[in-house]
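Quick note: numbers below take in every heavy atom, side chains included, and nothing from hydrogens, waters or symmetry partners. First the proteins, then the strands, lettered A, B, ... as listed; each starts at 1. Just so you know, these numbers come straight off a predicted model, no measurement behind them.
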Amino acid sequence: MTRVWIAVLVVATMNAMIKALGPIVLGARAVPARVSTVLALLPVVLFTALVVVDSVTEGRELIVDARLAGLAAAAIALALRASTVLVVIVAVGATAAVRQLSG
Amino acid sequence: MSSAVLGVPSSAGAYGIGLEQAPEALAPLAQFPHFNVGLALSEAADCLGVLLAGCARTCGGSGDRGQSNQRSCAPLRTAAGGRDCSCLAGVMNRPSRSREPGIREVLPLLLPIVLLGLSFAVVARAAGWSSLLTVTTSALVFSASAQFTLVSLMSGGATMFSTVASAGMVNLRFLAMGIAAAPSFPSGLVRRAALAQTINDASWGLAHQGGGRFDIRVLVHSTWPQYPAWIGGTLLGLLLPEVEAQTLGLDAVFPAFFLALLVGEVRGRRSIAVCLTAAAVTAITVPFTPVGTPVLLACVAALMWSGGSPA
């Protein structure tokens with residue numbers, strides 16, 4: 001657990017620094033277009049990677065299990081423009097249901 | 001929308017709030033997927049406030065801002081048949097009772113924030129985090145995406161470096177937001193650094209006035225109410241009984257949540273290409289690298305597709 005505490009503190013500090021960096025150091029200087037584009041694409045990359053890791057992997061193995069059902073349910077809910085909280089609830093419900101049904 | 005013009009991303013879709021047909025002034029919120037609920041709540045709150053105040057003034061027409069002296073208790077109905085309480089609210093809004101700009105706008109977001117905090121606490125507890133750790137994380141990090149990333153990777157056995165780097169990178173968009181908002185900041189290093197801490201998806205989007213200008217008061221006043229909501233939600237989640245994570249399907253919270261965030265970020269063919277590349281890189285490298293590393297390696301997808309003119 002100590003490592004988790006350390007990670008939390010490091011992330012909190014990084015967060016504060018990331019937010020302050022723009023106004024302090026860069027002011028109104030323009031960011032190069034390429035850098036700006038990469039920054040804008042990073043969330044896409046990270047969220048995609050996290051979706052993959054959290055739905056079809058277990059440690060270093062690729063595994064298909066009930067979580068995939070949850071992901072599918074989430075995708076449907078999102079397509080139907082449900083709010084994020086509802087999407088999460090639907091996904092959890094679908095996963096639990098599949099686990100119950102498959103014993 | 002405007003944030004795309006500035007080249008800045010916003011994954012505020014996390015709050016499940018978005019905008020479909022909204023007044024021009026709210027256009028920066030277009031990156032929020034479902035604002036109609038928020039708008040409706042906000043209007044309902046306004047109407048209720050006016051009615052509770054005992055009376056309502058009717059206005060001559062949609063352009064009339066309460067110059068008539070008629071008193072009636074019926075909310076105004078627009079020609080289209082919908083409710084228009086803005087006229088009434090404007091009339092009832094005497095200066096001494098007017099709220100700080102920003103608070104009103106963020107009000108509809110507070111309930112989703114509470115619920116999100118609650119779900120964070122639930123998954124953190126399921127991962128074995130102590131109550132103290134959970135609340136402290138919410139208090140210090142104050143970012144749903146970073147916190148969920150932390151829990152997900154740490155409990156999955158990722159290395160410290162991967163976890164911290166991923167959680168940090170997830171929030172790199174705040175760097176771009178800070179750069180965009182900086183010209184509107186007052187001078188003074190300490191003040192600018194402190195003000196910058198109020199930047200998050202919701203407040204940044206709400207503070208954007210168009211043309212690269214930001215209303216600092218909105219930035220500040222739409223952030224601080226989120227804090228008690230976030231901590232409160234976390235505490236509420238801690239009050240819930242301990243649950244058996246697997247049987248209840250709680251591990252599905254992560255892919256669902258990140259998928260929701262992802263959907264809010266994907267705009268246009270370039271981001272779709274990035275998404276598919278990142279998914280492929282991640283899936284391929286999982287069996288061959290330490291836990292957590294695939295998430296970092298996937299960033300090569302952003303570099304691959306960043307050439308050429310901005311999307």
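Looking at B:Thr137, both its backbone and its side chain come within 4.5 Å of chain A, counting heavy atoms on both sides. Contact of B:Ala158 with chain A is made through the backbone alone, with heavy-atom distances under 4.5 Å. Of the atoms belonging to B:Phe288, it is backbone heavy atoms, and not side-chain ones, that fall under 4.5 Å from chain A. Neither the backbone nor the side chain of B:Ser138 comes within contact range of chain A; no heavy atoms are under 4.5 Å apart. There is no contact between B:Ile284 and chain A, counting heavy-atom distances below 4.5 Å. If you measure heavy-atom distances from B:Leu172 to chain A, the contacts under 4.5 Å come from both the backbone and the side chain. Proximity to chain A (any heavy atom under 4.5 Å) is restricted, for B:Thr289, to the backbone atoms N, CA, C and O. Using a 4.5 Å cut-off between heavy atoms, B:Leu153 touches chain A through its side chain atoms alone.
B:Gln197 places no side-chain N or O within 3.5 Å of a backbone atom of A:Lys19 that could act as its donor or acceptor partner. Under a 3.5 Å cut-off, the side chain of B:Arg192 and the backbone N or O of A:Ile24 do not form any donor-acceptor pair.
Rounded to the nearest 0.5 angstrom, B:Asn171 CG and A:Asn15 CG are separated by 4.5 Å. In this structure, B:Phe258 CZ and A:Asp54 CG are separated by 6.0 Å, a value rounded to the nearest 0.5 Å. Note that CZ of A:Phe47 and OG of B:Ser145 are 5.0 Å apart. Values are rounded to the nearest 0.5 Å.
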- Any chance you could lay out the side-chain contact (heavy atoms from CB on, under 4.5 Å) test for A:Met1 and B:Trp129, step after step, and finish with the verdict? CA-CA 8 Å; A:Met1 270 302 135; B:Trp129 287 29; 4.1 Å; yes
